[in-house]
Amino acid sequence: MKNVSEFKCINHVEFVLSTDEEQSKTENLNNTVTEFVLLGFSDVPHLQWMLFGIFLLMYLTILICNGIIMLVTRTDPALQSPMYFFLSNFSFVEICYVTVTIPRMLLDLCTQKGTITFFSCAVQLCFVIMLGGMEFLLLTVMAYDRYVAICNPLHYPLLMNNKVCVQLVAACWISIIPVVTGQTYQIFSLPYCRSNRINHFFCDIPPLLKLACGDTFVNNLAIYVASVVFIMVPFLLIIVSYGKIICNILKLSSAGGRSKAFSTCSSHIIVVVLFYGTATVTYAQPKSDQSDSMGKMLSLFYTILIPLLNPIIYTLRNKDIMVALRKLHTKLLTYSNS
């Protein structure tokens, strides 16, 4: 009789535990978030308006500088070459990239609310990944363009004609869009029932996965695979291209020819190092090793500072663009005086 009563007691305890687990699962499902709160810089409320002014000034500078690059590369006859065609597309992507994140951040700094709907967060993440991946692919195409121009100058007009350039840019968009769409759907198919407070100033992958209460192994695996395909593989292609470029430049007999060849590549190399350095630290390291504050600092670097530096690097280190800017300035002065 004693054994029977103990057996019944054990069964009763197991039934109660299983019931509690089912109730907790049901509560989690019922508490699935429908909106998020971007904490942003709420930890420094006394700096909100100063940050607003700084980020607004940076945003306007990025728009103006990249817009000027697009204008001179499209209108100046001396800049009608594949190199500047790709640079114009790169500037356009830069403008789109910062517009996805900075205006939303400025709004949150003003209202100090940070509320964003589930759908809006998904759309923002999709465009952030898409435009960021597009920048990496364009950098690879630009490296290939320099490789053909320096290593195969006689075949350059044939290999890099206008049709080929358009096809290369189109191929970049076609390859990145379905991958990003699928990855975004995969991330937002996860249940988010722990919290709806994102410790970031925009919807990014690492802080979102920290809030997911489901198994994120597949998502992390997909992120690493995408990082390899859209970051590491293009980076290796750039390394190979510039390895051959450097070998070819060193074979040139004249010092002036070597200097001119290096000058056309130096700005692109600087931008590549900045982009790939921050991307590798952000997305390639284990997420447990990355603090929220470090994640925000790195995000500020590649979402604001690098887009701000890119047009400065390309203009100050490029004589053709500087000449085109002087021509544009002269035309504007002539037009205003007439």
Side-chain angles (χ1 to χ4, degrees), residues 21-49 51-52 54-56 59 96-133 176-223 226 282-283 287-288 290-300 302-304:
E21 289 177 358
E22 289 177 358
Q23 287 178 350
S24 64
K25 288 180 181 178
T26 304
E27 288 176 359
N28 282 339
L29 291 173
N30 291 334
N31 292 331
T32 299
V33 300
T34 57
E35 65 179 17
F36 293 104
V37 177
L38 295 168
L39 298 181
F41 303 97
S42 57
D43 53 335
V44 283
H46 57 288
L47 299 176
Q48 298 279 322
W49 287 108
L51 291 173
F52 176 84
I54 293 172
F55 293 145
L56 177 61
Y59 178 58
C96 295
Y97 184 73
V98 296
T99 303
V100 171
T101 55
I102 299 181
R104 174 77 211 190
M105 180 177 62
L106 294 174
L107 177 64
D108 292 340
L109 285 170
C110 281
T111 60
Q112 298 185 6
K113 291 181 180 179
T115 305
I116 184 170
T117 64
F118 196 83
F119 177 76
S120 297
C121 187
V123 171
Q124 186 184 53
L125 178 66
C126 183
F127 278 101
V128 165
I129 304 173
M130 184 190 304
L131 295 168
I176 195 73
I177 289 175
V179 175
V180 169
T181 305
Q183 195 170 53
T184 304
Y185 175 78
Q186 188 183 41
I187 290 171
F188 282 88
S189 296
L190 291 168
Y192 292 91
C193 48
R194 290 176 181 170
S195 173
N196 69 334
R197 299 168 70 84
I198 302 175
N199 193 8
H200 214 295
F201 57 89
F202 69 93
C203 293
D204 200 8
I205 295 175
L208 276 169
L209 291 182
K210 287 181 180 180
L211 301 182
C213 54
D215 185 13
T216 60
F217 173 78
V218 175
N219 300 89
N220 286 318
L221 181 63
I223 292 168
T282 304
Y283 294 106
K287 299 300 173 282
S288 58
Q290 189 184 99
S291 64
D292 292 332
S293 58
M294 179 58 70
K296 279 196 277 190
M297 287 298 295
L298 288 170
S299 298
L300 279 175
Y302 68 77
T303 57
I304 299 179

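- Tyr97 and Phe127 have their aromatic ring centers separated by at least 6.0 angstrom.
- Gln186 contributes atom CD, which lies 4.5 Å from atom CG of Asn219 (distance to the nearest 0.5 angstrom).
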Taking distance alone, no hydrogens or angles, what donor-acceptor pairs closer than 3.5 Å link side-chain atoms of residues 117-124 to residues at least two apart or in another chain?
residue, atom, partner, partner atom, Å
Thr117, OG1, Ser120, N, 3.1
Thr117, OG1, Ser120, OG, 2.7
Gln124, OE1, Cys203, N, 2.9
Gln124, NE2, Val100, O, 3.2

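- Proximity of Leu209 to Leu190: side-chain heavy atoms (C-beta onward) are separated by under 4.5 Å at one or more points.
- Counting heavy atoms from C-beta on, the side chains of Cys126 and Tyr185 never come closer than 4.5 Å.
- The line from CD1 of Ile205 to CD1 of Ile223 is 4.5 Å long, rounded to the nearest 0.5 Å.
- Counting heavy atoms from C-beta on, the side chains of Gln48 and Leu51 never come closer than 4.5 Å.
- Interatomic distance, Ile116 CD1 to Asp108 CG, rounded to the nearest 0.5 Å: 7.5 Å.
- In this structure, the side chains of Leu125 and Phe202 stay at 4.5 Å or more apart for every pair of heavy atoms.
- Of all non-hydrogen atoms in Ile102 and Phe55, the two that sit nearest each other are CG2-O, 4.2 Å.
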So Phe36 and Leu208, side-chain contact (heavy atoms from CB on, under 4.5 Å) or not? Walk me through it. CA-CA 10 Å; Phe36 293 104; Leu208 276 169; 4.0 Å; yes
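- For the side chain to side chain donor-acceptor pair (under 3.5 Å) test, residues two or more places apart in sequence or in another chain that qualify with Thr99 are Tyr59.
- Note on ring orientation: taking the six-membered ring where Trp is involved, the planes of Tyr192 and Phe188 are tilted (angle from 30° to 60°).
- Between Leu211 and Arg197, every side-chain heavy-atom pair lies at or beyond the 4.5 Å cut-off.
- Residue Ile176 comes nearest to Gly133 through the heavy atom pair CD1-CA, 3.9 Å, listed as atom of the first residue, atom of the second, then distance.
- Scanning all heavy atoms of the two residues, the minimum distance from Gln183 to Ala226 falls at NE2-CB, 3.7 Å.
- Listed here is the closest heavy atom pair of Pro207 and Ile198: CB-CG2, 3.8 Å.
- Proximity of a side-chain donor or acceptor of Asp215 to a complementary backbone N or O of Phe217 within less than 3.5 Å is detected.
- The structure places CG of Leu106 at 11.5 Å from CD1 of Ile54, a figure rounded to the nearest 0.5 Å.
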Using atom types as modelled, flag every donor-acceptor pair under 3.5 Å from a side chain in residues 37-45 to any protein atom, sequence neighbours excluded.
residue, atom, partner, partner atom, Å
Ser42, OG, Leu39, O, 3.0

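- Looking only at atom types and distance, the side chain of Lys210 has no donor-acceptor partner in the side chain of Asn199 under 3.5 Å away.
- Considering CG of Asp204 and OG1 of Thr303, their distance stands at 9.0 Å, rounded to 0.5 Å.
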